[in-house]
K.L.:
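I'd like to ask some things about the structure below.
The first residue in the sequence is number 1, and the count goes up from there.
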Amino acid sequence: MEENLGPNGLVPPHMEGRDLVRIGLLLPFSAQSAALRKEARSMLSAAQMALFETADPRLVLLPKDTAGTEAGAQSAAQAVIKDGAAIILGPVLGGAVSAVSPAAASANIPMIAFSTDRSVAGEGVYLLSFLPEADVARMLDFITRRNQKTFEALAMLRPDAETVVEDKSIHALALLRPDNGYGDRIEEALFSQSANTGLYITDIARYGRESQSMAAPARQIAHVDERNAAIALWTKEGGIGDPGLDPAFEFSLPYQAIMLPESGIRLRSLAPLLPINGVDPKITRFIGTSLWNDEDLLHEPALFGGWFPAPNAKDSASFAQNYERNFAEKPSRLASLAHDGVLVVVPSISKGQTGTYIDRVKIENPGGFRGADGLFRFDQNGLVERALSVFELRQGKFREIEPAPEQFDLPLNDGEEAALPGALLSQ
């Protein structure tokens, strides 16, 4: 039997008579990029899985192909709007989101897009993605509070105390970053957010697209020339053996941690260049972004002991297990976004004079939602805020050293308690 286009939109035969909530899902199924096509298939599977988890008989998923282009996204959006979509999930690319948003706004349909381009958010467009600014904020907050605990521990020691507390505070950071838009955003966030933390940014070095371009910036950020000059002076004055073991050797890096916002094979090429140039990861802490949440990095010794933010381990593992059980393969990196986009829909449904609709006030619920990537919420500007854990990368495993918060801080009225409404991840 064919689907019918009723007065309010597309009606599958088996759903006749229901007050339906149609979810447009715009993904690049036929994009030129094989990686994008694979991502789209995995995201569709995750969205379908979330549909079964909600078990809401009103929901209808309307997947449409954007072909990975702006024109394709416009055509797909027009199709789902004609079919009666109450909300649009996607597209993935920032240009496609910009191409679609005017039509969605005209139809008064909210969008939950998967782009990381902050400029396309707002006016009914919400970004359900991993924003680099959020990664920076989480790590700076973690470092600042850790410093405070170290300070308090040192301050409580009596002068004659036998207990030794090593000062491992981080007061200054360096940044070794790719020379691209992602690196620009990390650098901007690092400067703007560190202003009120007491942390200093002492060094910045940029490298190009090719791996060969990493060597010189790594030497620069490691202060190789200054180190060599200090060693030459120390040797001239009679120093022998390992200068690092001689208290008289006067050289130290001006920072205690270095941020490496890179991923995959490029990170595995970059990280070893620092120890080669004298930056000891046992002394200088390596700090990453959520791009480090990659099991391929578990075998890179230069990164052992490094910290990075990522969704909490319990929710991520539960989602991955459910996905593999249903589809006999691992989810793609963005699959969880499509899954969580569907989970936002049910708690955001409202009833109006002309039927059900998606309420933006409920999408912006300050209590947030809980999904495959843990707790998240949207602000009035359409940007996502995530409750992230902090992990330490060790040989063969990621160790969660600070769990994600269990709830967001809410502006409460007298007598109210903080609540956590929204979608819950099925176990």
K.L.:
Write down the atom of M111, the atom of P91, and the distance for their closest heavy-atom approach.
P.N.:
CE-CD, 3.9 Å
K.L.:
Check Y126 against R360 and note the closest heavy-atom contact, atom names and distance.
P.N.:
OH-NE, 3.3 Å
K.L.:
May I ask you to check whether over 12 heavy atoms, not counting those of E400, lie within 6.0 Å of atom CD?
P.N.:
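Atom CD in E400 is packed in, count exceeds 12.
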K.L.:
Does the pair D296/R268 count as a salt bridge with the N-to-O cut at 4.0 Å?
P.N.:
no
K.L.:
Output yes when a side-chain donor or acceptor of T144 lies under 3.5 Å from a complementary backbone atom of L140, and no otherwise.
P.N.:
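Yes, the answer is positive, given that a donor and an acceptor are paired below the 3.5 Å cut-off.
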K.L.:
Determine whether a donor-acceptor pair (N or O, by modelled atom type, separation under 3.5 Å) exists between the side chain of S389 and the backbone of A404.
P.N.:
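Checking the backbone N and O of A404 against the side chain of S389, a donor-acceptor pair under 3.5 Å is found.
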K.L.:
Examine distances only and state if a side-chain atom of E324 and a backbone atom of K330 form a donor-acceptor pair shorter than 3.5 Å.
P.N.:
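No.
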K.L.:
Check L127 against R118 and note the closest heavy-atom contact, atom names and distance.
P.N.:
CD1-CA, 3.9 Å
K.L.:
I'd like to know if E406 pairs up with R370 as an ion pair, taking the criterion as any Lys NZ or Arg NE/NH1/NH2 lying under 4.0 Å from an Asp or Glu carboxylate oxygen.
P.N.:
yes
K.L.:
Tell me, yes or no, whether the heavy-atom count around N108 atom CG, taken from other residues, nucleotides or ligands under 6.0 Å, exceeds 12.
P.N.:
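Open.
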K.L.:
Decide yes or no for F114 and S129: does some side-chain heavy atom of the first lie under 4.5 Å from some side-chain heavy atom of the second?
P.N.:
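Counting from C-beta outward, F114 and S129 never come under 4.5 Å.
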K.L.:
Measure from the side-chain N and O atoms of N381 to the backbone N and O of L383, and report whether any donor-acceptor pair falls under 3.5 Å.
P.N.:
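Checking the backbone N and O of L383 against the side chain of N381, no donor-acceptor pair under 3.5 Å is found.
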K.L.:
Do the side chains of V100 and T66 get nearer than 4.5 Å, heavy atoms only?
P.N.:
no
K.L.:
State, with a plain yes or no, whether a side-chain heavy atom of V80 is found less than 4.5 Å away from one of I109.
P.N.:
no
K.L.:
Let me see the working for I258 and L253 under side-chain contact (heavy atoms from CB on, under 4.5 Å), right down to the final yes or no.
P.N.:
CA-CA 11 Å; I258 180 168; L253 291 169; over 6 Å; no
K.L.:
Indicate yes or no for a side-chain donor-acceptor contact from R266 to the backbone of R209 under 3.5 Å, with no hydrogens or angles considered.
P.N.:
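Side chain of R266 to backbone of R209, a donor-acceptor pair under 3.5 Å: yes, one is there.
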K.L.:
Measure the spacing between CD of Q148 and OG of S169 and express it to the nearest 0.5 Å.
P.N.:
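So the gap between those two atoms works out to 9.5 Å.
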K.L.:
With under 30° as parallel and over 60° as perpendicular, where do the rings of F378 and F376 fit, or are they tilted in between?
P.N.:
perpendicular
K.L.:
Considering non-hydrogen atoms only, spot the tightest contact between F398 and D294 and give its length.
P.N.:
CZ-O, 3.4 Å
K.L.:
Got D359 and I349 here, is their nearest side-chain heavy-atom distance under 4.5 Å?
P.N.:
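Sidechains of I349 and D359: no contact.
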K.L.:
Answer yes when E187 and R206 have at least one side-chain N-carboxylate O distance shorter than 4.0 Å, and no when they do not.
P.N.:
yes
K.L.:
Could you state the interatomic distance from CE (M214) to CD1 (I221), rounded to the nearest 0.5 Å?
P.N.:
13.0 Å
K.L.:
Any side-chain heavy atom of L128 sitting closer than 4.5 Å to one from R386?
P.N.:
yes
K.L.:
Could you check whether R333 pairs with E39 (Lys NZ or Arg NE/NH1/NH2 to Asp/Glu carboxylate O, under 4.0 Å)?
P.N.:
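Here R333 does not pair with E39 in a salt bridge, since their nearest N and O are not under 4.0 Å apart.
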K.L.:
Please check if atom CD in E188 has more than 12 non-hydrogen atoms from other residues, nucleotides or ligands closer than 6.0 Å.
P.N.:
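No, the 6.0 Å shell around CD holds no more than 12 heavy atoms from other groups.
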K.L.:
Decide yes or no on side-chain hydrogen bond (donor to acceptor under 3.5 Å, both in side chains) for Y182 and T116, but give the supporting numbers first.
P.N.:
CA-CA 10 Å; Y182 181 77; T116 59; over 6 Å; no
K.L.:
Report yes or no: does D203 contribute a side-chain atom to a donor-acceptor pair with the main-chain N or O of A174 at less than 3.5 Å?
P.N.:
no
K.L.:
Would a 4.5 Å heavy-atom cut-off, applied to side chains only, mark F304 and L393 as touching?
P.N.:
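Yes, at least one pair of side-chain atoms sits under 4.5 Å.
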K.L.:
Would you call N293 and F308 a side-chain contact if the rule is heavy atoms closer than 4.5 Å?
P.N.:
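Contact flag for N293/F308 side chains = yes.
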K.L.:
Donor-acceptor pair, distance only, cut-off 3.5 Å: does the side chain of T54 make one with the backbone of L51?
P.N.:
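Yes.
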K.L.:
Measure across L26 and A73 and return the closest heavy-atom pair with its distance rounded to 0.1 Å.
P.N.:
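For L26 and A73, the tightest heavy-atom pair comes out as CD1-O, 4.2 Å.
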K.L.:
Classify the ring geometry between Y255 and H223 as parallel (under 30°), tilted (30 to 60°) or perpendicular (over 60°).
P.N.:
tilted
K.L.:
Measure the spacing between CD1 of I112 and CD1 of I87 and express it to the nearest 0.5 Å.
P.N.:
4.0 Å
K.L.:
Is a donor on one side and an acceptor on the other found under 3.5 Å between the side chain of D340 and the backbone of A372?
P.N.:
yes
K.L.:
Between OG of S290 and CG of L388, what distance do you get to the nearest 0.5 Å?
P.N.:
7.5 Å
K.L.:
Within the side chain of S318, is there an N or O that forms a donor-acceptor pair under 3.5 Å with the backbone of K314?
P.N.:
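Side chain of S318 to backbone of K314, a donor-acceptor pair under 3.5 Å: no, none is there.
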K.L.:
Working note: K64 + Q78, criterion side-chain contact (heavy atoms from CB on, under 4.5 Å); need CA distance, chi angles, decisive distance, verdict.
P.N.:
CA-CA 10 Å; K64 297 292 181 182; Q78 291 166 0; over 6 Å; no
K.L.:
With the side chain counted from C-beta on, respond yes when K362 and P347 share a heavy-atom pair under 4.5 Å apart, and no when they do not.
P.N.:
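No, every pair of side-chain atoms sits at 4.5 Å or beyond.
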K.L.:
Between E262 and W292, which heavy-atom pair has the shortest distance, and what is it?
P.N.:
O-CD1, 3.5 Å
K.L.:
Quick check for you: to the nearest 0.5 Å, what is the distance between E392 atom CD and R394 atom CZ?
P.N.:
4.5 Å
K.L.:
Does any N or O in the side chain of S45 come within less than 3.5 Å of the main-chain N or O of R41, such that one atom is a donor and the other an acceptor?
P.N.:
yes
K.L.:
Do D225 and R227 meet the salt-bridge criterion of a basic N to acidic O distance under 4.0 Å?
P.N.:
no
K.L.:
Look up atom CG in L233 and atom CG in N228, then write down how far apart they are to the nearest 0.5 Å.
P.N.:
12.5 Å
K.L.:
Can you list the steps and then say if T284 with L274 is a side-chain contact (heavy atoms from CB on, under 4.5 Å)?
P.N.:
CA-CA 10 Å; T284 302; L274 295 169; over 6 Å; no
K.L.:
Take I143 and R285 through the side-chain contact (heavy atoms from CB on, under 4.5 Å) test and state the conclusion after the steps.
P.N.:
CA-CA 11 Å; I143 291 169; R285 185 75 62 174; over 6 Å; no
